[in-house]
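Taking it in order: structure first as structure tokens, then the write-up.
Keep in mind it's a predicted model, so treat the numbers as computed, not measured. Letters A, B, ... mirror the listed sequences (proteins, then strands); counts begin at 1.
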2 protein chains.
Amino acid sequence: MQISEVAQKFGLTPDTLRYYEREGLIGPIAKGENGIRNYTESDLQRIQFVKCMRAAGLEISFLKKYIQLFDKGDETIKERREILVEQRKILKKKLDDMQEAYDRLNMKIDLYDKNILDKSLM
Amino acid sequence: MQISEVAQKFGLTPDTLRYYEREGLIGPIAKGENGIRNYTESDLQRIQFVKCMRAAGLEISFLKKYIQLFDKGDETIKERREILVEQRKILKKKLDDMQEAYDRLNMKIDLYDKNILDKSLM
DNA sequence: ATATCACTTAGAGTTAACTTTAAGTCAATA
DNA sequence: TATTGACTTAAAGTTAACTCTAAGTGATAT
């Protein structure tokens, strides 16, 4: 599969896919005679993983590290688990923060709907 | 209350508080004879609102707009409600994305714990 | 054959949200 | 009285994550 089709599929741009590859998050993607990238099924799986984690705000630097460890093999399992746990903790905190803001927005909109607006409070 | 105490209270830096004020998210904060900011209770309430929304990733530009409308008075109620609803939608999408990544991390860590690791999958 | 189109590269530019710097004021302490 | 520490300003610098530019290649449509 060529880059623009992959980009389309995941809602990314070709630039972003090349950028992820440069950063070592995916690939290196095999290229044909013409020098054009040809994404395999396993490339797509990694992109899907990266996309999911990036959408949740996990940093490129973490993903890079994790993927490097992954590619190193079984002796990195313990370290991989540790950084996953660390990221999960960070993510949990963010989820809680966002849930709080979400609840607050909901309450606020509710007050707007019921026309009970406290002029002093945001 | 002085800037560093406020910063402390909210886990922000004085720099960030001055930055928020410059951007019109809070204040302008009243200053004493010496030119030093003195935060009132109502300033603190706004900071708390801004902090909550920023922690959830809402953009400065949105907060600025909302606060401007708020300060304009009742004729902006409808518009305010609309942008709150818009932000809620954006936030919901992010929450869902993050929940997905969180679940995935959990599953992954679980597999690490049970020593069932598929070498082909991240 | 010429134009269009998707791809390639290296490297420069952009954006949001801070964060730091430099230069200065003022009150309290050694 | 000199220094320390908290504050002030305007403006420049930083960081992450893209995003764009310029220059080029190669296959296909007119």
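- In this structure, CG of A/L17 is placed 14 Å from C1' of D/dA17, rounded to the nearest angstrom.
- A side-chain donor-acceptor contact under 3.5 Å links B/K108 to the backbone of B/M122.
- Residues A/I36 and A/Y39 do not share a hydrophobic cluster, clusters being chains of Ile/Leu/Val/Met/Phe/Trp/Tyr side chains in contact below 4.5 Å.
- In this structure, B/K51 contributes its side chain and B/F10 its backbone to a donor-acceptor pair below 3.5 Å.
- Nucleotides of DNA chain C with any atom under 4.0 Å from a heavy atom of chain B span, from 5' to 3', C/dA17 to C/dT20.
- One hydrophobic cluster, built from ILVMFWY side chains closer than 4.5 Å, cannot hold both A/I90 and B/Y102; they sit in different ones.
- Salt-bridge formation is detected for the pair B/R37/B/E21: a Lys NZ or Arg NE/NH1/NH2 atom is positioned less than 4.0 Å from an Asp or Glu carboxylate oxygen.
- Proximity of a side-chain donor or acceptor of A/N38 to a complementary backbone N or O of A/M1 within less than 3.5 Å is detected.
- Hydrophobic cluster membership is shared by B/V85 and B/L63, with clusters built from Ile, Leu, Val, Met, Phe, Trp and Tyr side chains linked at under 4.5 angstrom.
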Give every pair of a protein N or O atom and an N or O atom of nucleotides 21-25 of chain D that lie under 3.5 Å apart, one pair per line with the distance.
none

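- Within the nucleic acid shown, B/E59 comes within 4.0 Å of sugar-phosphate atoms alone, with no base atom in reach, counting heavy atoms only.
- Under the side-chain hydrogen bond (donor to acceptor under 3.5 Å, both in side chains) rule, B/Y112 has a single partner from A/R81, A/R80, A/K78, which is A/R80.
- Ion pairing of A/D43 with A/R46 is absent here, as no side-chain N (NZ or NE/NH1/NH2) approaches a carboxylate O to less than 4.0 Å.
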List every contact pair, protein side and nucleotides 7-9 of chain D side both N or O, where the distance is under 3.5 Å.
residue : atom : partner : partner atom : Å
D/dC7   : OP1  : B/Q2    : NE2          : 3.2
D/dC7   : OP1  : B/S4    : N            : 3.3
D/dC7   : OP1  : B/S4    : OG           : 2.6
D/dC7   : OP2  : B/S4    : OG           : 3.0
D/dT8   : OP1  : B/R37   : N            : 2.9
D/dT8   : OP1  : B/R37   : NH1          : 2.9
D/dT8   : OP2  : B/R18   : NH1          : 2.5
D/dT8   : O5'  : B/R37   : NH1          : 3.4
D/dT9   : OP1  : B/K31   : NZ           : 2.6
D/dT9   : OP1  : B/R37   : NH2          : 3.3
D/dT9   : OP2  : B/R37   : NH1          : 3.0
D/dT9   : OP2  : B/R37   : NH2          : 2.9

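- B/Y19 has its OH atom 17 Å from the P atom of D/dA12, to the nearest Å.
- Residues A/I3 and A/L17 come closest through the heavy atom pair O-CD1, 3.7 Å.
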